[in-house]
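Notes follow the structure.
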Amino acid sequence: MKKWKKLLLILVIGLALVLGGGIAYLKTQSYSPTNNALQTAKKAEDSGDWLYFSGKDQTKPMIIFYPGALVEPESYSPWAQTLAKAGYPVYILKMPLDLAVLAPNRGEKVLSEHPKRDYIVGGHSLGGVMASRFAKGHTNHLEGVFFLASYPDTKGTLADKNLPVLSLTAENDRVLNHDAYKKAKQDLPKSTDYQEISGGNHAGFGSYGPQKGDGKSEINDQNQQVAQQLLLWLKENVNH
């Protein structure tokens, strides 16, 4: 084998080992759903690209959800199931390596299957940033946007959009960058509805146990409160 081919082979093998090690490391850092969330997720349809909780009311918009970074999608099943029971079909998107930043337009697959259906898009933490970018670029049939412990960046600014927006945070969240959150208010409509869950934390927007750097939760029903806040906002702002 020629010298340059040997060097190329060594380089390819080295790169593969680095990538493989990086992927393995990320998997060890991901947050897995609690047993309750996992059992609830089994009631959803798994397409490979998302978990789908069906809603029976055909007049209500779809909910497309972008999970937080390194959080497995099943973790959001408890509140998603509650929304589905209220008639809203919920799609919890699956992401490569559980990172929405690697597939920011994954929601397009849902829209392509239901091109005439109105929809709401939302996300948790980094997933909310990606959701805002998706919303900005896919305004047809978009009925609203919600953020769970999250905010838009300048690429996903919604300041000029006439849309209902919910920004839901938690009192004891120590993961959310509060300075960036306050600054990002300039990228949201002035009519944005800001709500806070007393005693809640960052991880409580899903059901996956403690998260590194987070504050301690003082409540045990944050998932239920998330569902209630979303349903109230939907009822008041989406005419379906």
Side-chain angles (χ1 to χ4, degrees), residues 15-34 37-38 40-41 44-53 62-80 90-112 119-138 145-158 167-170 173-178 180-181 184 187 201-214 223 226:
L15 182 60
L17 289 172
V18 170
L19 289 174
I23 290 172
Y25 174 76
L26 285 174
K27 288 184 177 179
T28 66
Q29 301 301 304
S30 65
Y31 295 99
S32 300
T34 61
L38 194 58
T40 304
E45 297 177 22
D46 189 339
S47 75
D49 289 319
W50 52 70
L51 294 177
Y52 171 59
F53 287 90
M62 306 180 293
I63 308 292
I64 299 176
F65 185 74
Y66 282 70
L70 300 178
V71 181
E72 296 179 14
E74 293 84 358
S75 303
Y76 302 96
S77 295
W79 63 255
V90 182
Y91 293 83
I92 306 175
L93 302 180
K94 290 187 170 187
M95 295 296 172
L97 301 179
D98 295 315
L99 291 169
V101 69
L102 297 180
N105 289 318
R106 179 59 54 85
E108 287 181 347
K109 290 189 176 184
V110 180
L111 297 185
S112 67
Y119 80 102
I120 305 288
V121 66
H124 175 219
S125 199
L126 181 60
V129 179
M130 296 301 107
S132 70
R133 294 184 185 183
F134 185 81
K136 183 179 179 180
H138 301 80
V145 183
F146 67 90
F147 297 89
L148 304 183
S150 185
Y151 47 85
D153 64 357
T154 54
K155 292 183 179 180
T157 181
L158 303 172
S167 176
L168 186 58
T169 56
D173 187 342
R174 300 294 178 266
V175 177
L176 178 69
N177 185 326
H178 290 274
Y181 171 78
D187 290 311
N201 64 1
H202 195 83
F205 286 101
S207 180
Y208 53 89
Q211 184 163 346
K212 184 178 179 180
D214 200 5
N223 267 230
V226 169

Let me see the working for Phe147 and Leu158 under side chain to side chain contact (heavy atoms under 4.5 Å, CB included), right down to the final yes or no. CA-CA 12 Å; Phe147 297 89; Leu158 303 172; 4.1 Å; yes
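- Counting only heavy atoms from C-beta outward, the side chains of Leu93 and Phe134 never approach each other to under 4.5 Å.
- Asp49 CG to Glu108 CD: the interatomic distance, rounded to the nearest 0.5 Å, is 12.0 Å.
- Here the closest heavy-atom approach between residue Ser150 and residue Ser167 is recorded as O-OG, 4.3 Å.
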Evaluation steps, side chain to side chain contact (heavy atoms under 4.5 Å, CB included), between Phe53 and Ile63: CA-CA 10 Å; Phe53 287 90; Ile63 308 292; over 6 Å; no
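- Every residue meeting the ring-ring contact (aromatic ring centres under 6.0 Å, His included) condition with Tyr52, not counting sequence neighbours, appears here in chain and number order: Tyr91.
- In this structure a side-chain-to-backbone donor-acceptor pair under 3.5 Å is missing from Thr157 to Thr154.
- Residues that satisfy the side-chain hydrogen bond (donor to acceptor under 3.5 Å, both in side chains) test with Asp214, not counting sequence neighbours, are Asn201.
- Closest approach of Ile92 and Pro67 over heavy atoms only: CG2-CG, 4.0 Å.
- Annotation: side chain of Tyr76 is in contact with side chain of Val71 (closest heavy-atom distance under 4.5 Å).
- Put simply, the side chain of Met62 reaches to within 4.5 Å of the side chain of Leu111, judged on heavy atoms.
- Annotation: side chain of Asn105 is in contact with side chain of His138 (closest heavy-atom distance under 4.5 Å).
- Residues Ile120 and Ile64 are not in side-chain contact: their nearest non-hydrogen atoms beyond the backbone lie 4.5 Å or more apart.
- Between Lys212 and Val175, the closest heavy-atom pair is O-CG2, 3.9 Å.
- Scored by the salt bridge (Lys or Arg N to Asp or Glu O under 4.0 Å) test, Lys155 finds no partners at all (sequence neighbours excluded).
- For Asn223, the side-chain hydrogen bond (donor to acceptor under 3.5 Å, both in side chains) test picks out no residue, with sequence neighbours left out.
- Scanning for salt bridge (Lys or Arg N to Asp or Glu O under 4.0 Å) contacts around Lys136 gives an empty result, with sequence neighbours left out.
- For the side-chain hydrogen bond (donor to acceptor under 3.5 Å, both in side chains) test, no residue two or more places apart in sequence or in another chain qualifies with Ser77.
- Here the side chains of Asp153 and Asp187 are not in contact, with every heavy-atom distance at 4.5 Å or above.
- For Pro96, the side-chain contact (heavy atoms from CB on, under 4.5 Å) test picks out Leu102, Ala103, Arg106, with sequence neighbours left out.
- Residues Phe65 and Leu148 have side chains in contact (heavy-atom distance under 4.5 Å, counting atoms from C-beta outward).
- Of all non-hydrogen atoms in Ala37 and Ser207, the two that sit nearest each other are CB-O, 3.7 Å.
- Minimum interatomic distance between Ala69 and Leu99 (heavy atoms only, all atoms of both residues): CB-CD2, 3.8 Å.
- Considering OG1 of Thr34 and CD of Glu74, their distance stands at 11.0 Å, rounded to 0.5 Å.
- Take Ala184 and apply the side-chain contact (heavy atoms from CB on, under 4.5 Å) test, not counting sequence neighbours, and it matches Tyr151, Pro152.
- How far OG of Ser75 is from CG of Leu51: 10.0 Å, rounded to the nearest 0.5 Å.
- Among residues two or more places apart in sequence or in another chain, the ring-ring contact (aromatic ring centres under 6.0 Å, His included) test is passed with Tyr208 by Tyr31.
- Residues that satisfy the ring-ring contact (aromatic ring centres under 6.0 Å, His included) test with Phe205, not counting sequence neighbours, are His124.
- In terms of the side-chain contact (heavy atoms from CB on, under 4.5 Å) criterion, residue partners of Ser32 (sequence neighbours excluded) are, by chain and number, Glu72.
- Here the side chain of Tyr66 pairs a donor or acceptor atom with the backbone of Pro104 at under 3.5 angstrom.
- With sequence neighbours excluded, the residues satisfying side-chain hydrogen bond (donor to acceptor under 3.5 Å, both in side chains) with Asp46 are Lys94.
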